[in-house]
Amino acid sequence: MKMKNFKKDCTAVFLLFWWLSSIVGGARDDRKNIVFVICDSMDGRLIGQGPDSVVDLPNLNYMVQNGVNFRNTYTNSPICCPSRSALWSGLHTHVTQSWNNYKGLPRHYPTWQVRLEQQGYHTQVYGKTDYVSGDHSESNRVEAWTRNVNFTLAQEGRPTPVLVGNSSTDRIQLKDWLSTDLASKWLLHDAPKQQKPWLLYLGLNLPHPYPTPSMGEKPGGSTFMTSPYWLKKVDSSKVTIPKWLPFSQMHPVDYYSSATKNCTSDFTREEIMKIREYYYGMCAETDAMLGQVLDALKASGQADSTYVFFTSDHGELAMEHRQFYKMSMYEASAHVPMVLTGPDVPAGKALDDLTSLVDVFPTFMDIANATKSPALNGTSLLPLLKDSADRQERPDWVLSQYHGCNVNMSTYMLRTGSLKYITFGDGPNQVSSQLFDLDEDPDELHNLAKERPDLVRHLDDKLRELVDYPAVTREVQEYNRESFSAWKAKLGSRYKDEIANLRWWKDWQKDPQGNEERIEEWLNQPI
């Protein structure tokens, strides 16, 4: 009799334990897993080109063929840390005040990682995250703070193509490969053991250009480096030479960007071709890393219950508009890839709805069946997977903004339909805006702002409904001045030597006293 009661008691305890386990995180543990791969500096226009593609990206092509390609996805700020701050917070740049590569989110900010863990997910993070304040070089932050000073100094090395290795050299970005290997190992050996849903994050630095040592101790990245192995993936017959406006027709902000990126000197056709070819080779290496992760996921037996995302923090100009890097609202810089595969995701679907990186956070909450989702600026991507008649209403616009180095005015972009409206600083009365019809002018060489003042007024009014951008501009200016003044005071007697030896040292030494005087003029000007 006692043994019977003992068995009954054990059974009751087991059932109680099973029931409690099933409700941890507010949902059953049959929720789907997530693999999120984000690279750095991939032009979103490269994705889904099929036989017309300039570079063979077999693993991204696999995702496009077996999932959904969001063809109009944008960064919310075209530079590393502010873009990733928007991604991890689900909020626009002006909301979190993530102004530049030094000023991102606080270290313990409630990101989607925190929220997912609160919802019962296990999260595993490998590689580059870069959304927290305090990182990047001293030079990078000073360049951002002083962008309104009345000088134009080259801050980067001249963009340069470099070929390394031979036809069998397939691992060049070793740090990224290490992160990829760790992520793949986790998928193979740890993911199958998880008793609850999980998210695996892999952050890659490629295809971001490599550092240029000649620029000093902490150089920027102006070296486009690849090997003959990856160049075999590039169809050189399809590599185009971008059209450049003459200097006299360049927008003044574009000229400042080109000059500070060391791009105003002469470039031969061969140089430009190689920079672009090598960049595409770097994209091919990135694709191979994605492929290793996809193979590991399949081998783990978890693929059927896992959503896979691929995106980038921003694009790469690769000599379009006489620039490299990002920091621009032109398509090559602001347009990013977003591809999704997974359970119930339709295969081979291409969507032209406007989306952006702030949509990632609410999408994760949607996948996790979050019981209480925080207030976010983005909108889940999952409803877009349904037929048009069943979709929820979502914004017909995307917003991007930029407040960092290599651009001497805060920049705001509103994309709606085929129109892209770009304005600067305090608005059109301060410096001319830009307006492009991307259907008619995909290269963004014909500014319609003067021809269509009616559209400029309409889009500017729409932008001001979303963000009081003149007020944000003043807020950034105050932050820049206060931050620089504090940095200068902290250095004390070392200030003159320190500021003369940042990445702009070659141009600084041409007129050190004049440059110091221009900084003092800026510090004493009213905002």
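For this chain, numbers begin at 1 and follow the sequence in order.
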For the [atom1] atom of [X] and the [atom2] atom of [Y], what is their distance to the nearest 0.5 Å?
{"X": "Asp176", "Y": "Asp181", "atom1": "CG", "atom2": "CG", "result": "11.0 Å"}
{"X": "Phe324", "Y": "Ser258", "atom1": "CZ", "atom2": "OG", "result": "10.0 Å"}
{"X": "Thr75", "Y": "Met329", "atom1": "OG1", "atom2": "CE", "result": "8.0 Å"}
{"X": "Thr123", "Y": "Leu200", "atom1": "OG1", "atom2": "CG", "result": "10.0 Å"}
{"X": "Leu153", "Y": "Asp507", "atom1": "CG", "atom2": "CG", "result": "5.5 Å"}
{"X": "Asp443", "Y": "Leu438", "atom1": "CG", "atom2": "CG", "result": "10.0 Å"}

Next on the checklist: Using the rule ring-ring contact (aromatic ring centres under 6.0 Å, His included), only one of Phe36, Tyr201, Phe364, Phe361 pairs with Trp88; which is it?
Outcome noted: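 Testing each of Phe36, Tyr201, Phe364, Phe361 against Trp88, the sole residue satisfying ring-ring contact (aromatic ring centres under 6.0 Å, His included) is Tyr201.
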
Checklist entry - Just one of Trp99, Trp145, Tyr102, Tyr479 clears the ring-ring contact (aromatic ring centres under 6.0 Å, His included) bar with His403, so which one? => result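 Answer to the ring-ring contact (aromatic ring centres under 6.0 Å, His included) test with His403 among Trp99, Trp145, Tyr102, Tyr479: Trp99.
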
Please tabulate, for side-chain N and O atoms in residues 238-248, each donor-acceptor pair with protein atoms closer than 3.5 Å (sequence neighbours left out).
| unit_1 | atom_1 | unit_2 | atom_2 | d |
| --- | --- | --- | --- | --- |
| Lys238 | NZ | Pro51 | O | 2.5 |
| Trp244 | NE1 | Met319 | O | 2.7 |

Carboxylate-amine/guanidinium proximity below 4.0 Å for [X] and [Y]:
{"X": "Glu270", "Y": "Lys274", "result": "yes"}
{"X": "Glu444", "Y": "Lys420", "result": "yes"}
{"X": "Arg464", "Y": "Asp460", "result": "yes"}
{"X": "Glu285", "Y": "Lys233", "result": "no"}
{"X": "Arg452", "Y": "Asp437", "result": "no"}
{"X": "Asp43", "Y": "Arg276", "result": "no"}

Using atom types as modelled and distance alone, determine if a side-chain donor or acceptor of [X] lies under 3.5 Å from a backbone N or O of [Y].
{"X": "Thr212", "Y": "Ser222", "value": "yes"}
{"X": "Ser77", "Y": "Gln401", "value": "yes"}
{"X": "Thr93", "Y": "Ser98", "value": "no"}
{"X": "Thr411", "Y": "Met409", "value": "yes"}

Item to check | Lys/Arg cation over aromatic Tyr256: Arg147, 6.0 Å, 45° cone | outcome: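 Arg147 over Tyr256 ring: no.
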
Using a distance-only test with no angle check, is there a side-chain donor-acceptor pair under 3.5 angstrom linking [X] and [Y]?
{"X": "Thr180", "Y": "Gln292", "result": "no"}
{"X": "Tyr255", "Y": "Gln249", "result": "no"}
{"X": "Glu451", "Y": "His446", "result": "yes"}

Let me check something: any side-chain donor-acceptor pairs from residues 495-502 under 3.5 Å, sequence neighbours excluded? List them with distances.
| unit_1 | atom_1 | unit_2 | atom_2 | d |
| --- | --- | --- | --- | --- |
| Asp497 | OD1 | Asn501 | ND2 | 3.3 |
| Asn501 | ND2 | Asp497 | O | 2.7 |

Checklist entry - Parallel, tilted or perpendicular: which fits the ring planes of Trp487 and Phe484, with parallel below 30° and perpendicular above 60°? => result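 Tilted: the ring planes of Trp487 and Phe484 meet at 30° to 60°.
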
Next on the checklist: Please verify the inter-ring angle class for Trp508 with Phe151; under 30° counts as parallel, over 60° as perpendicular, anything in between as tilted.
Outcome noted: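 Trp508 vs Phe151 ring planes: perpendicular.
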
Checklist entry - Lys261 and side chain to side chain donor-acceptor pair (under 3.5 Å): which partner among Gln155, Gln323, Glu156? => result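 When side chain to side chain donor-acceptor pair (under 3.5 Å) is applied between Lys261 and each of Gln155, Gln323, Glu156, only Gln323 qualifies.
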
Checklist entry - Does the side chain of Lys128 come within less than 4.5 Å of Cys80's, by heavy atoms? => result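 Answer yes - side chains close enough.
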
Just list the side-chain donor-acceptor pairs under 3.5 Å for residues 423-430, sequence neighbours left out, or say none.
| unit_1 | atom_1 | unit_2 | atom_2 | d |
| --- | --- | --- | --- | --- |
| Thr423 | OG1 | Ser433 | OG | 3.2 |
| Gln430 | OE1 | Asp426 | N | 2.7 |

Next on the checklist: Which residue is it: His136, Glu143, Arg141? I am looking for the one with a side chain to side chain contact (heavy atoms under 4.5 Å, CB included) to Asn101.
Outcome noted: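 When His136, Glu143, Arg141 are each tested with Asn101, the side chain to side chain contact (heavy atoms under 4.5 Å, CB included) holds only for His136.
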
